[in-house]
Amino acid sequence: MAALFSIVVALVAGILKTSTGAGFAEAVLYGGTAFATSMGLCVLVLSAAGQF
């Protein structure tokens, strides 16, 4: 579930970055950063809640 949520966050971040006029490579890097950050936060929250 955390991975699916992180993918959605990354897609939205990449689309928003592209809409500002950024190039494809920059949008992919931005989406990748958003994915990694979101996944890290999800794992942290799930670990703190004892679910992971």
Side-chain angles (χ1 to χ4, degrees):
M1 193 67 172
L4 179 63
F5 176 74
S6 296
I7 289 172
V8 170
V9 169
L11 285 172
V12 170
I15 290 168
L16 288 174
K17 188 69 171 179
T18 303
S19 70
T20 63
F24 179 75
E26 188 177 352
V28 169
L29 288 174
Y30 196 77
T33 303
F35 175 83
T37 303
S38 176
M39 188 62 142
L41 287 173
C42 286
V43 168
L44 182 70
V45 168
L46 289 173
S47 294
Q51 299 293 320
F52 189 67

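These numbers come from the heavy atoms of this one structure, side chains and all, not from hydrogens, waters or symmetry mates.
- The structure places OG of Ser38 at 4.5 Å from CZ of Phe5, a figure rounded to the nearest 0.5 Å.
- When all heavy atoms are compared, the tightest approach of Ser19 to Leu16 is OG-O, 2.7 Å.
- Closest heavy-atom contact between Ala10 and Gly31: CB-O, 3.2 Å.
- In this structure, the side chains of Phe35 and Ile7 come closer than 4.5 Å at one or more pairs of heavy atoms.
- Remark: side-chain polar atoms of Ser47 are not paired, donor with acceptor, to backbone N or O of Leu44 under 3.5 angstrom.
- Formation of a donor-acceptor pair under 3.5 Å by the Thr33 side chain with backbone atoms of Leu29 is found in this model.
- Closest approach of Lys17 to Ala22, counting heavy atoms only: O-CB, 3.4 Å.
- Scanning all heavy atoms of the two residues, the minimum distance from Ala34 to Ala13 falls at CB-CB, 3.7 Å.
- The structure places OG1 of Thr20 at 8.5 Å from OH of Tyr30, a figure rounded to the nearest 0.5 Å.
- Using a 4.5 Å cut-off between side-chain heavy atoms of Ile, Leu, Val, Met, Phe, Trp and Tyr, with links allowed through other members, Val8 and Leu11 fall into different hydrophobic clusters.
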